[in-house]
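The figures that follow rest on heavy atoms only: side chains count, while hydrogens, waters and symmetry mates do not. Just so you know, ligand 1 is whichever comes first in the structure, and atom 1 is the first atom listed for that ligand. In this text, all values refer to a predicted model and were calculated from it rather than measured experimentally.
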Amino acid sequence: MMSDCIFCKIAAGEIPSTKVYEDDIVLAFKDLEPQAPTHVLLIPKAHIASAAEITPENSALVAHIFEVAAKLAKELRLDNGFRVVNNCGEDGMQSVQHLHFHMLGGKKMGWPPYPAN
Ligand code: AMP
Ligand code: ZN
């Protein structure tokens, strides 16, 4: 655990969150500032700083996170679809330096998700 990482603290239960799913590997909880009717964050409990740090050694975590996302989509009744977003690094506008995937749904999304320039 990284002592100054807010998502490590959430994974350890040191900072409260509204959990929607948890197992030994992954935690899913509601985003504090929802950008859609359903906005859940999926994180590995182990600290990985960003998607740029995914390697052959840890990539099974990511596959598991997407399995959980598919299961949650059914539980959260996102029958009409959803979007999974990862913001990586400065240009990706990542604000929390612990790998996380945003799962957004309950409305029709816009595309592209950023201004052109
Ligand atoms: P990103 O900008 O991709 O790094 O996403 C970080 C996300 O974490 C943002 O959507 C924040 O609203 C969310 N967030 C930050 N702190 C918390 C928290 N304590 N509980 C739930 N969501 C949080
Ligand atoms: Zn962390």
Can you tell me which residue and heavy atom of the protein come closest to [atom], and the distance to 0.1 Å?
| atom | result |
| --- | --- |
| atom 16 (N) of ligand 1 | Ile6 CD1, 3.8 Å |
| atom 20 (N) of ligand 1 | Leu32 CG, 3.4 Å |
| atom 7 (C) of ligand 1 | Asp31 OD2, 3.5 Å |
| atom 2 (O) of ligand 1 | Ser95 OG, 2.8 Å |
| atom 1 (P) of ligand 1 | His100 NE2, 3.1 Å |

If you look at His98, which of its N/O/S atoms is nearest to the Zn ion (ligand 2)?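 The nearest such atom is ND1.
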Of the N, O or S atoms in His47, the one nearest the Zn ion (ligand 2):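 Nearest to the Zn ion (ligand 2) within His47's N, O and S set: ND1.
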Validation row: Thr38, Met103 side chains within 4.5 angstrom (heavy atoms):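 Sidechains of Met103 and Thr38: no contact.
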Tell me, do Lys45 and Val26 make a side-chain contact under 4.5 Å, heavy atoms counted?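 No - every pair of side-chain heavy atoms lies 4.5 Å or more apart.
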Polar contacts were defined as any N/O atom of the residue lying under 3.5 Å from an N/O atom of the ligand; does this apply to Val96 and ligand 1?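 N/O-N/O distance below 3.5 Å exists for this pair.
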Purely on distance, is any nitrogen or oxygen of His39 under 3.5 Å from one on ligand 1?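 No, since none of the N or O atoms of His39 sits under 3.5 Å from an N or O of ligand 1.
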Please verify whether a non-hydrogen atom of Asn86 lies at under 4.0 Å from ligand 1.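 Judged by the 4.0 Å heavy-atom criterion, Asn86 does not count as contacting ligand 1.
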Which bit of [X] is near ligand 1, meaning a heavy atom under 4.0 Å away: side chain, backbone, both or neither?
| X | result |
| --- | --- |
| Phe101 | neither |
| His102 | side chain |
| Val85 | neither |

Relative to the ring of His100, is the ring of Phe7 parallel (under 30°), tilted (30 to 60°) or perpendicular (over 60°)?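 Geometry flag for His100 against Phe7: perpendicular rings.
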